Amino acid sequence: MSVDFKHILYGGDYNPNQWPEEVWEEDMRYFDKARINSATINVFSWAKIQPEEDRYDFEELDKIVDLLSKNHKDIVMATSTGALPAWMVRKYPEVARTDYDGKHHKFGQRHNACPNSPVFQKYSARLAEKLAERYGHSDRVVCWHISNEYGGECYCENCEQAFRKWLKKKYETLENLNKAWNTEFWGHTIYDWDEIVLPNALGDGLWDGNTAFAGISIDYRRFNSDSMLANYVGERDAIRKFDAATPITTNLMGTYKGLDYFKWAKEMDIISWDNYPSYDTPWSQTAMCHDLMRGLKDAPFMLMEQTPSQQNWQPYNSLKKPGQMRAQSYQTMAHGADTIQFFQLRRSVGGCEKFHGAVIAHAGTDNTRVFKEVAQLGGELEKLGGQILGSGSAAEVGIVFDWDNYWALEYTSGPNKDLKYVDQIHQYYRYFYSRNIPVDMISREADFSKYKIVVAPVLYMIHKGVAEALETYVKNGGILVTGFMSGIVGESDNVYLGGYPGPLRKMAGIWVEELDALAPEQKNTIQFADGEESFCNLVCDIMHLEGAETIAEYSSNFYAGTPCVTKNCFGQGTVYYVGTQLEKAGLEKILDTVTNQASVHSLVQETTALEVAVRRAENCDYYFLMNFSGEEVSAPKAFADKIDILTGETLTNQTVFRPYDVRIIKMQRQTDSRQ
Ligand SMILES: [Zn+2]
């Protein structure tokens, strides 16, 4: 389903049920003033609309829908199932979760339902169905929003039984299961499906969430992700009984570890996500999350939530500086968003989010810095209209992101506890970001042939078919960059025997004999062929050449003189293998070589401190120029004489970008520059 909202949805979470009705009309006036054209409602109203097991009460929700409809606001209708009503937990304690330590929870918090509770499954789907029956016909309901920020785990009896069923379906026989989990280790052989227990602190848990059998824990992660996805699908299908066409989504959370979002994306009509960087999150990290969210379906996404000013739940909830929210919103659009939505529209009077920023502050006035900035952006987005909607990416570089690898790498015991999946991916992403080279974040199942360069860091777990696909890609002229902790295990976390990096060994032209781990205070030196030196740390592969050439070698430790970065010609293409974590300058030197070889260029020829990103429409490109550097930056010469479509201003060589300044340039495209 291709989703077209006709205009940029601008609005966010709106909870009028927390306020007396006389405030609602005032809200509508403020929304008009800020050019807010949509509201996400009913996110946490389960207790209100189903006050008892056999009674539903939509009176207040009807009023809210009428109010918004009368005021010509689009509605994103949530299903409310992200937080259980108290009566349900009291009557059916099984709907609450059991945590990693084995404690069964009482009523409280949110995101608190056991995904395998038959009671939860029944009532969540029934609620979604009733909502669709009542509101699915409304032209103002433009999107369904199921539950909220799915996540967490449950280790209850219901989940344990469901896990056994899930395993039976996957492995068919206990022989297969014992082999997959290598249960001969520590004498864990399973003789009956009912002997299988969930891998938590009461079972195979070791420390820091690690377990004695990573293979079991990875399967549990897959199972838990599937269980919650089944909840989503249950509600989605219930909505579809009464509403065949309105797009359905749920709000994701970027690089959140718990759920395999590529698998989820296949069941979602459009991706939406909540962007909450903290005061010190690098802009490259935020851009990477946006690209990942776009990559899930290779399509534009919704920014379902961001705060207009500050969060409340981080350790230090800094205000967004003047212009920052606007610039951040445009960065989101530049990387693929077709909506800009806030949490929330009016700030709560109580509860743990009362300090969470909102469009309308506790002062209850439009005479605030935040409101004025929201209104300015609203005016600009209204002027932009629908022209950018639906446009895509121009990336020639793909970076593989894979939740199975995320789980497997971080469950594995050794070699270095500081090895973190997202950090490894970001080190590569940051290079391309800093040079304004567009990147697609892609799954292990992606069509690699679309890219001149495929980067697959810490590709620790190699699934069936992936090595073959990468081999075909390289043979046909592609450039693959991979490195340490890659090609180590198969889908059940058992090692590929015969030398690392297993199925990648032939195309990489190297054999890794040992993996050294360096503590935070340790580092090794390396030397490039041209004599330049650099540092490395974390993990150091000790390897032998099998056809590859050395680009850099270690110059310290007992393995000094052995290769640490290599290049291998394979078919028409090339494999670069980076056998250690290089310091920034060292990695940049390698990736400069790679991008030169691939003729992959920056979107702007000259060096600039601006972030430049592009959205590619059918006949034109929209260049977003954004200043996140904190200092004044001159406009790149390539954009002199071009017109900023936000203001109509013509850029010149003298144009200066102040911090958080943004300009959008529309350029006609005669021929596809990728040809
Ligand atoms: Zn459970």
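For the single chain, residues carry numbers from 1 onward in sequence order. All of these numbers come straight from a predicted model, not from anything done at the bench. First listed ligand is number 1; within each ligand, the first listed atom is number 1.
Using a 4.0 Å cut-off between charged side-chain N and carboxylate O, E445 and K266 make a salt bridge. The existence of a salt bridge linking D57 and K48 is excluded, since no basic side-chain nitrogen approaches an acidic carboxylate oxygen closer than 4.0 Å. Using a 4.0 Å cut-off between a side-chain N of Lys or Arg and a carboxylate O of Asp or Glu, E175 and K179 do not qualify as a salt bridge.
Minimum interatomic distance between S38 and Q341 (heavy atoms only, all atoms of both residues): OG-NE2, 4.5 Å.
If you look at the Zn ion (ligand 1), the protein N, O or S atoms less than 2.8 Å from it are C114 SG, C154 SG, C156 SG, C159 SG.
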Given the rule in the ring pair (Phe, Tyr, Trp, His ring centres under 6.0 Å) test, do W313 and Y276 qualify, once you have shown the distances and angles that lead to the verdict?
-> CA-CA 10 Å; W313 45 271; Y276 290 110; 5.8 Å; yes
After noting the C-alpha distance and the side-chain angles of W264 and Y150, does the key distance pass the ring pair (Phe, Tyr, Trp, His ring centres under 6.0 Å) rule?
-> CA-CA 11 Å; W264 277 62; Y150 278 101; 5.1 Å; yes
